[in-house]
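What follows is one structure encoded as structure tokens, with my remarks underneath.
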Amino acid sequence: MDSILVRGNGALSGAIPIAGAKNACLTLMPATLLSEEPLTLTNAPRLSDIATMTQLLGSLGAEVASLQDGQVLTMSSHKITNHTADYDIVRKMRASILVLGPMLARDGHAIVSLPGGCAIGARPVDLHLQALEAMGAQLDLRDGYIHAKAPGGRLRGAAVSFPFVSVGATENALMAATLAKGTTVLNNAAREPEIVDLAQCLRKMGAQIDGEGTSTITIQGVDRLNGATHPVVTDRIELGTYMLVPAIVGGEIECIGGRMSLVGAFAEKLDAAGVSVTETERGLRVKRNGDRVRAVNVVTEPFPGFPTDLQAQMMALLCTAQGTSVLEERIFENRFMHAPELIRMGAKIEVHGGTATVTGVERLKGARVMATDLRASVSLILAALAAEGETVVSRVYHLDRGYERVEEKLRACGAQIERISA
Ligand code: UD1
């Protein structure tokens, strides 16, 4: 298992290109199952999760070609030859559940393994299933698999009201509704940029969708969808992560491809902490104003609120802030696994349930730490950049799921960081 070695060496400056969004790409890829014609995605990120989705789609009969060093994906699902998403692939990645809606909508049947437990909480899929059931699907849970059928071979439009906001359930229902008979209205839908990106791609494929980006999405089902070419939206989580680099170590970084509209609530918190963010022609320029940031309180919420996927990284920053900050995690239970690792680096953090209280210290100290999940692993790298001495982050396979070429991007700004292959 690879590790990453970091030697904190002060301020970092330069330009960092931000990739296409992992979470957008993982939901756009299953959309290929909705059409017989090819779907091409440009600006795709090069990540192990994308390789896992490629493998899953391949197992269902789709042909996926990776071009231009993985930045272009051409997918063709002329025919779905296998309607079972196997446990061995699904257990590796929760986003696998997103093949359920499209397969069921196109061919009227699908069998998908239930995703297993996950390090950041229970994460059930009941809302996905409730939405599909409202659209007429008959569901049967047997041997760890969801067996789904649409009576008469086709889902029907329905009014779906989500009891709370779920990104994945909105995506599954949205895709399924494009080929259902009649009109579907999704109430209390997620408003994340990844949902907007999916709706835009589906519209290019011929879907009739209104209201994406608001909490009510209306879909008029059509008989078939065509092929399309679509660029994946910028990764707002990778963007936010690199925006934190100058915030934590000083210097000035321009995040190429970044846009304020993707990170509004996050940029407001940076501003309150004493970090300036300005729009440039190419992206966002970020600079810390003083020697240390100020403490700020953070509550994670669905978009447009502060994203749960930036909570761990923000905690790393606040470990070095002047004063005491309170972070409240409202999306996932058990998403503070990075706290004990940051404490090993000298951070002062107390966790009570879904709330973490962080009292900033002047300097963190290098240590051997362990990555526990994707966002936690990059928070440790941020902390390591700001720490005195050497930090070794082990289990970086988590990192490779969501951050492409992290060492290269940081080295280009002057960081001392290297991968140690085991
Ligand atoms: C997606 C992202 C993930 C991000 C999360 C929140 C992908 C592949 N993953 O995950 O990186 O952290 O959004 O922005 O895009 N829930 C249920 N029942 C369901 C579905 C969800 O109870 O059927 C709960 C979850 O356990 C969680 C909350 O709803 O507490 C929000 O989850 P959701 O928005 O669905 O997250 P994901 O789509 O899993």
Side-chain angles (χ1 to χ4, degrees), residues 20-31 45 47-50 52-53 56 90 92-101 112 114-134 137 139 141 146 160-176 186 188-198 215 232-233 235-238 240-241 262-263 265-266 299-314 328-338 353-354 373-379 398-399 401-403:
K22 168 180 88 76
N23 288 348
C25 198
L26 289 176
T27 182
L28 290 162
M29 291 175 76
L47 303 167
S48 63
D49 269 9
I50 303 299
T52 305
M53 184 58 87
L56 175 60
V90 175
K92 288 191 204 158
M93 188 181 66
R94 260 183 70 79
S96 306
I97 189 75
L98 295 171
V99 301
L100 175 60
V112 177
L114 279 163
C118 164
I120 62 172
R123 303 185 80 178
V125 292
D126 53 330
L127 301 188
H128 300 238
L129 303 185
Q130 279 167 24
L132 295 172
E133 248 173 349
L139 304 173
L141 301 185
I146 305 156
V160 176
S161 293
F162 294 109
F164 52 91
V165 174
S166 159
V167 180
T170 302
E171 290 166 344
N172 233 336
L174 174 58
M175 287 192 277
L186 304 178
N188 202 19
R191 292 184 282 167
E192 269 66 2
E194 294 75 29
I195 306 269
V196 174
D197 202 37
L198 173 64
S215 49
V232 179
V233 67
D235 195 318
R236 63 197 167 95
I237 307 303
E238 191 195 21
T241 301
L262 294 172
V263 284
F266 172 70
V299 178
T300 64
E301 285 171 331
F303 192 85
F306 191 101
T308 173
D309 281 353
L310 283 172
Q311 178 260 109
Q313 301 90 312
M314 189 71 180
E328 208 183 312
E329 173 56 59
R330 290 216 188 137
I331 307 293
F332 295 114
E333 73 223 56
N334 198 19
R335 203 175 194 182
F336 286 133
M337 275 119 38
H338 39 285
D373 68 57
L374 169 55
R375 308 303 171 186
S377 57
V378 84
S379 79
H398 291 293
L399 190 72
R401 288 187 44 210
Y403 289 88

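Numbering of ligands and ligand atoms starts at 1, following listing order. Quantities reported herein were computed from a predicted structural model and do not represent experimental measurements.
In this comparison of Asp126, Asp309, Thr170, the heavy atom closest to atom 4 (C) of ligand 1 sits on Asp309.
Taking distance alone, with nitrogen or oxygen atoms compared against 3.5 Å, Ser166 approaches ligand 1 more closely than that limit. Taking only nitrogen or oxygen atoms, main chain and side chain alike, Arg375 does not reach within less than 3.5 Å of ligand 1. At a 3.5 angstrom cut-off on N or O pairs, Leu127 counts as close to ligand 1. Between Val167 and ligand 1, a contact under 3.5 Å exists for at least one N or O pair. Every N/O-N/O distance between Phe332 and ligand 1 stays at or above 3.5 Å. Among the atoms of Asn23, some N or O lies under 3.5 angstrom from an N or O of ligand 1. Inclusion of Ala95 in the set of residues having an N or O under 3.5 Å from an N or O of ligand 1 is not warranted. By the 3.5 Å distance cut-off applied to N or O atoms, Phe164 is not counted among the residues near ligand 1.
With Val378 as the fixed residue, the side-chain contact (heavy atoms from CB on, under 4.5 Å) test singles out one of Ile237, Asp373, Leu399, Leu310: Leu399.
Using a 4.0 Å cut-off between heavy atoms, Arg94 contacts ligand 1 through its side chain alone, with no backbone atom that close. Under 4.0 angstrom from ligand 1, the non-hydrogen atoms of Ile331 come from both its backbone and its side chain.
For Arg335, the heavy-atom gap to ligand 1 drops under 4.0 angstrom. Residue Phe303 places every heavy atom at 4.0 Å or more from ligand 1. Residue contacts with ligand 1: Pro124 is included, with a non-hydrogen atom under 4.0 Å away.
For the atom pair CG (Leu26) and CE (Met93), the distance works out to 5.0 Å, reported to the nearest 0.5 Å. To the nearest 0.5 Å, atom CZ of residue Phe303 and atom CZ of residue Arg236 are 6.0 Å apart.
Taking a cutoff of 4.0 Å between a charged side-chain nitrogen and a carboxylate oxygen, Arg335 and Asp309 qualify as a salt bridge.
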